[in-house]
Amino acid sequence: MTHPATTIAALQRAVARAPRHPFLLFDGREYSYAAVAAAVAACAHRLRAAGVTHGDRVALYLENGPAFVTAYLGAHAAGAIVVLINMQYRSAELRHMLSDSGAKAIVVGPRIALDALHEARSGLADPGVVIDAIEEASGVENTVLDPATAPQPGDLALIGYTSGTTGRSKGAMLTHANLMASSAAVTSAWHWTDTDRLLLTLPLFHIHGLGVGLNGALFTASTVDLRRGFDAADVLDTLARGETTMFFGVPTMYTRLIAEARRRLQLAGADRRSSALPLAPGVRLFVSGSAPLSPQTFAEFAELFGQRILERYGMTETVMNLTNPYDGERRPGTVGGPFPGQEVRIVDVHSRMPVPDGVIGEIQVRGPHVFAGYWRNPQATAEAFDADGWFNTGDLGWRSADGYVTITGRARELIISGGYNIYPREVEEVLLEHPAVAEAAVLGLPDAEYGEQVVAVVVPAASSAVTEQELVDWCRAKLAGYKKPRRVVFVAALPRNAMGKVQKHLLAERLT
Ligand code: MCA
Ligand code: AMP
């Protein structure tokens, strides 16, 4: 293997090549590869001193920032497995992830309210130790990476929880070799080099921001201009300065960038194509993923920014699967073909046999990027793969004769809002805990900003007078904010088929 096969090997290669080259830009400060490596070593020593050993799970309860990067790589340098936690999760979601992963330590950062975390830990028999993150190496000891604790390629690098169909999420296990194989494929396909500067506003606690963005930069020893979160005005200001070469986002970010650009052009009284206002002069690549990018957004963006967005398709279990070409035609509405070194095929959902081009079936993928299975869940792991090692993505699509895949839907029930996945069952279970709710069905309806929005259809318990707002607040208190229903519709009965199953397509037709 010619490329580094662990994140720590990639970090060491970057330090050896150009120690002073900036890895991170954050809040007006620059963090070189050497400086990050020193802080990573210090973090690893701190974790080892707290009792973390090889294969232990370390949860990151951190927002975007240098402390996240240090904790992520610090846990790896200590030989541990990172557990990714979305900062929007409430205590029940957190408790499940901490107890299911058996996290030995939780790394927390400055300026973060820890109420939900403390509430989650208070319910656990073995709550793990809470450790402060290290933002930079100055003033700390042990700033040299210890080869004795360095991970091996086959070691687990992280567990990413994906929303579960039963309301309990499953931990997808990715090895170092998986992550680095993905980075090798992505960076080669997108011509990513050490001269690139990626503007990264995606959360690092999901694979899009971490596995594609941060790892790709680490792999190429290039620079990440990191933000706490996405703000359209800030992104446009940054792009206009001409130093950014790449931007990765979810479709909602692109619709917001279009709206903000139009607002500015209107204020300036400029013609849309005015060369007086170049919107992204240095950018060579805009990438979209995590949810479908509409051909309309693709066209509007091309007109305003003069760039054709490259759409790709990925999953927590596999990092990246399919991509439109860097050099060839980027076809709107499609996600292109496999990355180098990976395979894709489409199979009939019942017979599991490959279907001809043009026929819709389930997308299966295979390659070194595909995860090692679900954490402590051999049954779910067995169901996810077929006998020849093909991974069932649960997404439906078809392939054109010239190799472009179009995703048409999902074999599993899943709502994607602004790039975040929401399983209806999880929201339904929370609604059913409310004493005034007799029955509940949750579905995704089209939404101009988020792609899809969560809608709850509720049959109230007899003689109850619950309001829409009460139920939204109830969900908001128990679930991450993005999972709360945007609308609650009260009905006398849910439409059911002869088997008693709720016919959500009928509800969707009625409500759209
Ligand atoms: C935030 N809110 C949302 C969403 N995000 N509601 C519905 N859908 C959303 N996606 C709610 C919050 O709970 C909050 O409500 C209110 O909106 C404002 O929150 P704020 O944080 O200010 O939101 P925002 O900044 O406007 O966020 C929109 C966003 C964000 C920037 C599009 O959702 C985002 O960063 N999405 C990216 C997600 C991502 O990385 N997905 C990758 C997973 P309240 O006030 O009630 O709290 S998929 C993946 O990793 C695979 C590998 C792949 O293919 O990429
Ligand atoms: P997650 O489990 O959060 O990693 O989400 C992965 C899911 O996001 C995939 O299984 C797809 O359903 C969806 N997804 C990712 N990229 C795209 C895309 N470009 N178009 C449509 N759906 C996508």
Side-chain angles (χ1 to χ4, degrees), residues 63-64 84 86-90 158 160-165 169-172 174 179 182 186 200-213 215 227-232 234-235 248-257 287-294 297-298 309-324 332-336 362-363 365 369 371 384 391-397 405-423 444 447 449-454 472-473 475-477 479-486:
E63 294 180 316
N64 280 10
L84 299 177
N86 185 320
M87 293 301 289
Q88 287 200 46
Y89 291 151
R90 311 306 303 154
L158 64 85
Y161 278 87
T162 69
S163 311
T165 37
S169 51
K170 297 175 289 188
L174 287 154
L179 294 182
S182 286
V186 166
L200 191 58
T201 67
L202 288 155
L204 290 173
F205 45 67
H206 282 296
I207 290 298
H208 192 166
L210 185 73
V212 191
N215 284 355
R227 295 291 189 276
R228 282 202 172 75
F230 175 82
D231 175 72
D234 168 56
V235 169
F248 302 166
V250 297
T252 302
M253 293 178 178
Y254 286 104
T255 53
R256 288 191 190 174
L257 285 178
V287 179
S288 175
S290 305
L293 179 75
S294 77
T297 304
F298 178 96
I309 298 170
L310 182 153
E311 185 172 6
R312 92 315 178 263
Y313 157 63
M315 295 183 78
T316 301
E317 287 90 335
T318 58
V319 190
M320 290 295 96
N321 292 326
L322 297 167
T323 180
N324 266 281
T334 81
V335 290
E362 182 172 349
I363 302 170
V365 296
H369 61 306
F371 76 144
F391 171 64
N392 306 316
T393 62
D395 291 307
L396 302 175
V405 173
T406 299
I407 297 175
T408 53
R410 298 164 204 133
R412 63 220 142 110
E413 251 194 81
L414 170 69
I415 301 167
I416 303 185
S417 167
Y420 280 136
N421 287 3
I422 301 144
Y423 272 92
D447 182 89
E449 185 181 6
Y450 289 108
E452 287 182 302
Q453 60 169 240
V454 179
V472 172
D473 293 345
C475 292
R476 179 71 191 87
L479 294 166
Y482 61 88
K483 297 179 187 171
K484 68 175 189 278
R486 300 269 148 181

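Whatever order the structure lists them in is the order used to number ligands and atoms, beginning at 1.
Closest to atom 48 (S) of ligand 1 among all protein heavy atoms lies S290 OG, 3.7 Å. Closest to atom 8 (N) of ligand 1, if we only count protein heavy atoms, is S417 OG, 2.6 Å. What sits closest to atom 2 (N) of ligand 1 on the protein, heavy atoms only, is Y482 CB, 4.0 Å. At the shortest separation from atom 13 (C) of ligand 2 among protein heavy atoms lies I416 CD1, 3.5 Å. Of all protein heavy atoms, the one lying nearest to atom 17 (O) of ligand 1 is Y450 OH, 3.9 Å. The protein non-hydrogen atom at the shortest distance from atom 6 (C) of ligand 2 is G314 O, 3.6 Å. For atom 31 (C) of ligand 1, the closest non-hydrogen atom of the protein is F230 CB, 3.7 Å. Nearest protein neighbour of atom 16 (N) of ligand 2, counting heavy atoms only, is S290 N, 3.1 Å. Closest protein heavy atom to atom 1 (P) of ligand 2: N421 ND2, 3.1 Å. At the shortest separation from atom 36 (N) of ligand 1 among protein heavy atoms lies G418 O, 3.1 Å. The closest protein non-hydrogen atom to atom 11 (C) of ligand 1 is R486 NH2, 3.7 Å. For atom 21 (C) of ligand 2, the closest non-hydrogen atom on the protein side is P292 N, 3.5 Å. For atom 46 (O) of ligand 1, the closest non-hydrogen atom on the protein side is K484 NZ, 2.5 Å. Protein heavy atom nearest atom 17 (C) of ligand 2, with residue, atom name and distance: A291 N, 3.6 Å.
When only interatomic distances are considered, the shortest N/O to N/O separation between G419 and ligand 1 falls below 3.5 Å. Checking only distances, D395 does come within under 3.5 Å of ligand 2, N or O to N or O. Considering backbone and side-chain atoms alike, G314 places an N or O below 3.5 Å from some N or O of ligand 1. By the 3.5 Å distance cut-off applied to N or O atoms, T316 is counted among the residues near ligand 2. Considering both main-chain and side-chain atoms, Y420 never comes within under 3.5 Å of ligand 1 through any nitrogen or oxygen pair. In terms of polar-atom proximity, Q88 is counted as a contact of ligand 1, with an N or O under 3.5 Å from an N or O of the ligand. Note: no N/O pair closer than 3.5 Å links T316 and ligand 1 by distance alone.
Under the side chain to side chain contact (heavy atoms under 4.5 Å, CB included) rule, R227 has a single partner from L202, V235, D234, which is D234. Evaluated for a side chain to side chain contact (heavy atoms under 4.5 Å, CB included) with T323, the options V186, L310, V287 yield exactly one hit, L310.
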Given side chain to side chain contact (heavy atoms under 4.5 Å, CB included), test F230 with V250 step by step and report yes or no. CA-CA 10 Å; F230 175 82; V250 297; over 6 Å; no
Decide side chain to side chain contact (heavy atoms under 4.5 Å, CB included) for K483 and Y89; before the verdict, give the C-alpha distance in whole Å, the side-chain angles of both, and the deciding distance to 0.1 Å. CA-CA 10 Å; K483 297 179 187 171; Y89 291 151; 4.1 Å; yes
Check the pair I415 / E452 against side chain to side chain contact (heavy atoms under 4.5 Å, CB included), numbers first and verdict last. CA-CA 7 Å; I415 301 167; E452 287 182 302; 3.9 Å; yes
Please report the C-alpha distance between L158 and L179 in whole Å, then the side-chain angles of each, then the deciding distance to 0.1 Å, and finally whether the side chain to side chain contact (heavy atoms under 4.5 Å, CB included) criterion is met. CA-CA 9 Å; L158 64 85; L179 294 182; 4.0 Å; yes
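Of the possible polar contacts, one joining the N324 side chain to the T334 backbone as a donor-acceptor pair under 3.5 Å is found. Side-chain N or O atoms of T393 include one that pairs as donor or acceptor with a backbone N or O of I363 at under 3.5 Å. The backbone N or O of F371 sits nowhere less than 3.5 Å from a side-chain atom of E317 that would complete a donor-acceptor pair. Of the possible polar contacts, one joining the N392 side chain to the A384 backbone as a donor-acceptor pair under 3.5 Å is found. Judged by distance alone, with hydrogens and angles left aside, the side-chain atoms of E311 form no donor-acceptor pair with the main-chain N or O of V335 at under 3.5 Å. In this structure, T252 contributes its side chain and E449 its backbone to a donor-acceptor pair below 3.5 Å.
Note that the CG atom of N215 and the OG atom of S182 stand 8.5 Å from one another [nearest 0.5 Å]. Note that CD1 of I416 and CG of D447 are 13.5 Å apart. Values are rounded to the nearest 0.5 Å.
Taking the side chain to side chain contact (heavy atoms under 4.5 Å, CB included) definition, one finds that R90 meets it with E93, A116, R476, sequence neighbours left out. Residues satisfying the salt bridge (charged side-chain N to carboxylate O under 4.0 Å, His left out) criterion with R486, sequence neighbours excluded, are absent altogether.
Minimum heavy-atom separation, A232 to L257: O-CD2, 3.9 Å.
The atoms of ligand 2 that sit less than 4.0 Å from any heavy atom of E311 are 18 (C), 19 (N), 20 (N). Set against the non-hydrogen atoms of I407, the atoms of ligand 2 under 4.0 Å away are 20 (N), 21 (C). Each of the atoms 31 (C), 35 (O) of ligand 1 lies under 4.0 Å from some heavy atom of M253. Short contacts between ligand 1 and R476, defined as distances under 4.0 Å to a heavy atom of the residue, involve ligand atoms 44 (P), 46 (O), 47 (O). Those atoms of ligand 1 with a heavy atom of P203 less than 4.0 angstrom away are 35 (O), 40 (O). Distances below 4.0 Å separate heavy atoms of I207 from the following atoms of ligand 1: 50 (O), 52 (C). Close contacts between ligand 1 and L202 involve ligand atoms 40 (O) [criterion: under 4.0 Å to a heavy atom]. For ligand 1, the atoms closer than 4.0 angstrom to any heavy atom of G481 are 13 (O).
Contact between V335 and ligand 2 is present, with at least one heavy atom of the residue lying under 4.0 Å from the ligand. Contact analysis puts R312 in contact with ligand 1, with a non-hydrogen atom separation below 4.0 angstrom. Within the 4.0 Å heavy-atom cutoff, R256 counts among the residues contacting ligand 1. Distances shorter than 4.0 angstrom occur between a heavy atom of R412 and an atom of ligand 2.
Distances from atom 22 (O) of ligand 1 to the protein include no heavy-atom value under 4.0 Å. Counting only heavy atoms, the protein never gets under 4.0 Å from atom 19 (O) of ligand 1. Distances from atom 42 (C) of ligand 1 to the protein include at least one heavy-atom value under 4.0 Å. The presence of a protein heavy atom under 4.0 Å from atom 53 (C) of ligand 1 is confirmed. Atom 14 (C) of ligand 1 is never approached by the protein to below 4.0 angstrom, counting heavy atoms only.
Remark: among candidates R410, R312, E317, the nearest residue to atom 19 (N) of ligand 2 is R312, based on non-hydrogen atoms.
Under 4.0 Å from ligand 1, not a single heavy atom of M87 appears.
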